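Since this is a predicted model, take the numbers as computed values, not measurements.
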Amino acid sequence: MKYREYKSPDYPAFAKEVLSYWEENHVFEQSISNREGKPTFTFYEGPPSANGVPGIHHVMARTVKDIFCRYKTQKGFQVKRKGGWDTHGLPVELQVEKELGITKEDIGKKITVEEYNRKCREAVMKFKDIWDDLTRKMGYWVDLENPYITFQPKYIESLWHLLQQLYKKDLLYKGYTIQPYSPAAGTGLSSHELNQPGTYKDIRDTSVTAQFKVVKNEKSALLFNGEEDLYIVAWTTTPWTLPGNCALAVGKKIEYVKVKTFNQYDFKPISVILAKERVNAYFNQKASELKLEDYEPGQKLIPFEIGESYTGEQLFDVSYQQLLPYVQPEGKAFVVIPGDFVTTEDGTGIVHTASLFGADDFRVCKENDISAITVKDDNGFDVPVVNKQGKFVDEIVDFAGRYVREEYYDNETRSNPDFKSTDVLIAIKLKEESKAFKVEKYEHSYPHCWRTDKPILYYPLDSWFIRTTAMKDKLVALNKTINWKPVSTGTGRFGNWLENLVDWNLSRSRFWGTPLPIWVTDDRQEEKCIGSIAELQDEIKKSIAAGFMDKSPFEGMEEIDLHRPYVDDVILVSDSGKKMMREPDLIDVWFDSGAMPYAQWHYPFENKEVFEESYPADYISEGVDQTRGWFFTLHAIAGMLFDSVAFKNVVSTGLVLDKSGNKMSKRLGNAVNPFETLDKFGPDATRWYMISNANPWDNLKFDLDGVLEVQRRFFGTLYNTYSFFALYANLDGFEYSEGDQIPLADRTESDRWILSRMNTLIGEVEEAYEDYEPTKATRAIQNFVIDDLSNWYVRLNRKRFWVGDFNPDKRAAYETLYSCLLTVAKLGAPVAPFYMEKLFLDLNRNVKSEKNLSVHLQNFPQTDGKSIVKDLEEQMYLAQNISSLVHSLRRKHKIKVRQPLSRIMVPILSKKTKEQIQAVEELISSEVNIKTVEYIDDASGIIKKKIKPNFSKLGKEYGPKMKAVAAAINQITADGIAELESKQSLILNIGDEEINLGLADVEITTEDIPGWTVASDNGMTVALDINLTEELKREGIAREMVNRIQNLRKDMGLEVQDKIEVQLSSKEEIVKVALEENRTYICRETQANNLTLVDKIEGGETIDINDYRVNVSIKK
RNA sequence: GCGCUUGUAGCUCAGGUGGUUAGAGCGCUACACUGAUAAUGUAGAGGUCCCAGGUUCAAGUCCUGGCAAGCGCACCA
């Protein structure tokens, strides 16, 4: 059977063909089942959400995933890869709401929760088919038949188990978090909702700079210098938060100053502390000349005097009097604390901090152990001084029952001319009490509720948290054992995130997601966290027995649906017999995906063994945007519950941008359609381009021209090389057999050279894959194929394939080329799975056996150390270098390569170099068409040498004197060089010091051969003899003749193997002689049976050779 | 604002531990080659290695400080 030949390569068609071949032969399935019992290599698939269509960046991410799974399979591991779908969460819900034209508030009113969740379930798999199609077409091998799906009851049951484990370890608690809250709508807003367009609007607020009176004590002593009334001033745009003030935050490194001045409302003399940079914002420069003692109360221009300055650090722990003492805190409060968020861009450089009304405030107060200002509600729970309707509580006696924001009052109330906002009333009160330093209107942008259009409050809300902070040290330590690609993402982005970990807010007030399995009594004194379906059923039975439920809401269900609303209907009974209702929250969808190592196998309810042998993952990969997402949730759950990492190696991939480096977006129309790209260029060129162009963790500027270049340059060259092989191997009937091969020793220099290169390549590529450096692997393969194999080996050895009988030398050439191609197919298979499969199968058409079903079932090639000969590689480098020099000389003198020349001369400084060149003499001769290579050694005395210091060696030795040493060496004469070479040392005088120079301290190269045309590069010099003898001229003519006959053959459309008859005629004597002399040569080259010189030719072609005219006639 | 990444030829990218002509491919120009031919070879043009300091005999490489771009996070008192 023959090797397949193609008219021209059609890569997309190749891929389609291979794809159906895989499917017919179940190659993917076999690649796993074949490795049964072998060590496992575990890969976790991060679940995509199928409610949107995939983009080109998914091809990138999945190529990276696929490469290492395929590679490890080749290395003999069993690599199971379960696909998965992320199905819960807000994006799905919002999409459904949009489709149905409803809002969250309509759920349970216009549409039942049951119906709504049914819609979500339908919507989430909307584009599954498109995703599956992409997966197949791009050659991403993952199990699509049995994926894990996060909404399935079994999956949720595993989550419940994990949550219960956390609960039992006391890592699950209900707590406060500051969230954007809309009192008008009575609900918290997610950050997603807050990022809706139009939520931020400019509003004018009453802003107050309040005076906080410093308490004189040991801590604050350094601030006082005689004065009695010393205040710290802080600015706020939300005066309603002032009754909740519990601390003042300053910047550690900010410089603060004390300013003596007068209060502008009551004209009393005061001293205030504020940031130095903010002085100009609060004090009129025109007043700077005024003196304090000249001030008259009521005067508009208020004098001021800048006093001592302090760093923020010096202010830490200074106490102040409570500004509005309605409610007393239970613990520490009213002190100055550090705040990393404090700036001097506006305000006073000191931030009023109300722990319950700002996320930053809450955080720094917690860090500094500051108590919040709270009151007890009817149930005895601590609540803020503003209630959920947005009104002050009774304890704030002056403003009790007032909305904190004027926008919450109806328009009628607000239009009353006597109406004053609470902020204004507070400002008035402060002025009256000499606590206001400055009151003014301030316009700023503030978020509004997208449903009610009213400003939001930052407000503490109940949420369930995972106490990740309790396990922070462990998570940090475990992270250090993970191999991150790139390292910086692990230490930087992820490491820093872990260092600054806050508790994980698990609660979501939504409908479509995993319900929190916690039931609580009305008085919150008793809780139950359910960990399995069976446990829930048990509890339901108890509850029915206790009379809280008539029947289970799951009764009659074919498969229990743990979603809302059914689970909300479950009322349990507490140990003391009280009624327990479920906490209405759902859990963060990120918990869903972070739990996939366990839930994908329904652990611990099923598949315990499978789970154990595939945990933790050896490898995962996702976009860098998943650092705080999936990477974190995987890590957190594993660290907290299993005391383990969830993954050992992780590649975080960069973004895919358009070719100009802009983000791709549908709106801008610069998004690349993955299906069109795969259709047009095929998956292999697309994948290879993505991987070879830049490291996966760098952003990729995706340019279709680049894909085209990869296709042309790499795949085109590889294809050409295969075609070349197939063409001649078929003519000669070559068949590869592993056993019976020409021994290495009997092969040519170039055969052994390319095999040496090939074995070096195997090592390089293996190392790169092992190191999760796919870019290095592809670049190495690419260079080998293009430079070494095609442009050098094949080009130099072409004649061996097409000339003469099928002798051992020819067989050696076939075998060599064959094994190179086969190796390339195996090395490149992880990245270009389709084309390498095609190449592999085409090469193996003659070697049919079960084990040759697919390149992906092959073992990764092993480096044959014995075949790597450094000498050979050096030799070939010399040959390439010399050839290149001769080419450039020929060009300089305008002598075609076809014209033979008698000799080149190479100056040789060492015996080894001579031997190395001698080994490749023939290659050089034929490559540059010369007769002989001559060597000129020292003895000839005509070589001009050049000496150069060896900087890295001498530098270490002589350091500061290096410049002088270098100068001295550059001045060494030819005699000096000769002395150094003969004696192995030379004494140099540097100033008044003597230096003993050894041979290793310098680099001696040849520079010139006087009287010859020479070229030098890389320390090698070559001289070319350009004298043309008559004989050489005649030989040149013969070569030209061959060239013309070949062209004519081609024009006639003859096949390579067709034999011809040639008739020639010419008037020129030199041509006749040339043809006679080289008759055999010409016949051999042109496949001519005979060649006759005649006087005249009828109907032949007239051609010009150099300056001579020849008539030719060719017959088949 | 904080963290991370990136900055080298027109474009895409290489440039272990500092070492003296800073490279490749593409593109451009010219010439050659021609039984792999939509391939190939040779040569040329093209660089303030983002900027400024510093360390060093020596900096694209190390340090400090900037600038620009990208990503992430936080916040707007």
Engineer: When you check the phosphate oxygens OP1 and OP2 of G27(B), does a side-chain N or O of Arg712(A) lie under 4.0 Å from one of them?
Structural biologist: yes
Engineer: Base, sugar-phosphate, or nothing for Gly706(A), non-hydrogen atoms under 4.0 angstrom?
Structural biologist: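 Contact class for Gly706(A): none.
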Engineer: Across all strands, who's sitting opposite U40(B) as a Watson-Crick or G-U wobble pair, both distances under 3.5 Å?
Structural biologist: A32(B)
Engineer: Using a cut-off of 4.0 Å on non-hydrogen atoms, how would the nucleic acid contact of Val965(A) be classed: base, sugar-phosphate, or nothing?
Structural biologist: nothing
Engineer: Could you please spell out the steps behind the ring pair (Phe, Tyr, Trp, His ring centres under 6.0 Å) verdict for Phe702(A) and Tyr689(A)?
Structural biologist: CA-CA 9 Å; Phe702(A) 189 86; Tyr689(A) 163 73; 5.6 Å; yes
Engineer: Between Trp697(A) and Gly349(A), which has a closest nucleotide on RNA chain B that is more 5'?
Structural biologist: Trp697(A)
Engineer: Across the strands shown, which category fits Thr353(A) at heavy-atom distances under 4.0 angstrom: base, sugar-phosphate, nothing?
Structural biologist: nothing
Engineer: Given that both distances must come in under 3.5 Å, which nucleotide forms a Watson-Crick or G-U wobble pair with U61(B)?
Structural biologist: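 Paired with U61(B), as far as the under-3.5 Å criterion goes, is no nucleotide at all.
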Engineer: Using whole Å, report how far CZ of Phe715(A) lies from P of A36(B).
Structural biologist: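 Computing the Phe715(A):CZ to A36(B):P distance gives 23 Å.
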Engineer: Between C1' on G25(B) and CD on Gln711(A), what's the gap in Å once rounded to a whole number?
Structural biologist: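 Gln711(A) atom CD is separated from G25(B) atom C1' by 17 Å.
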Engineer: Counting only side-chain nitrogens and oxygens, does Asn699(A) get under 4.0 Å of the OP1 or OP2 atom of U5(B)?
Structural biologist: no
Engineer: Quick one: is C13(B) close enough that its OP1 or OP2 comes under 4.0 Å of any side-chain N or O from Asn693(A)?
Structural biologist: yes
Engineer: Can you list the steps and then say if Arg1039(A) with Asn929(A) is a side chain to side chain donor-acceptor pair (under 3.5 Å)?
Structural biologist: CA-CA 11 Å; Arg1039(A) 289 202 173 218; Asn929(A) 199 10; 3.3 Å; yes
Engineer: Let's test this: given Watson-Crick or G-U wobble pairing with both distances under 3.5 Å, identify the partner of C76(B).
Structural biologist: none
Engineer: For Arg713(A) and for Arg795(A), locate the closest nucleotide of RNA chain B by heavy-atom distance; then report the residue assigned to the nucleotide nearer the 5' terminus.
Structural biologist: Arg713(A)
Engineer: Could you tell me the Watson-Crick or G-U partner of G25(B), where both distances fall under 3.5 Å? Say none if there is no partner.
Structural biologist: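 G25(B) is paired with C11(B).
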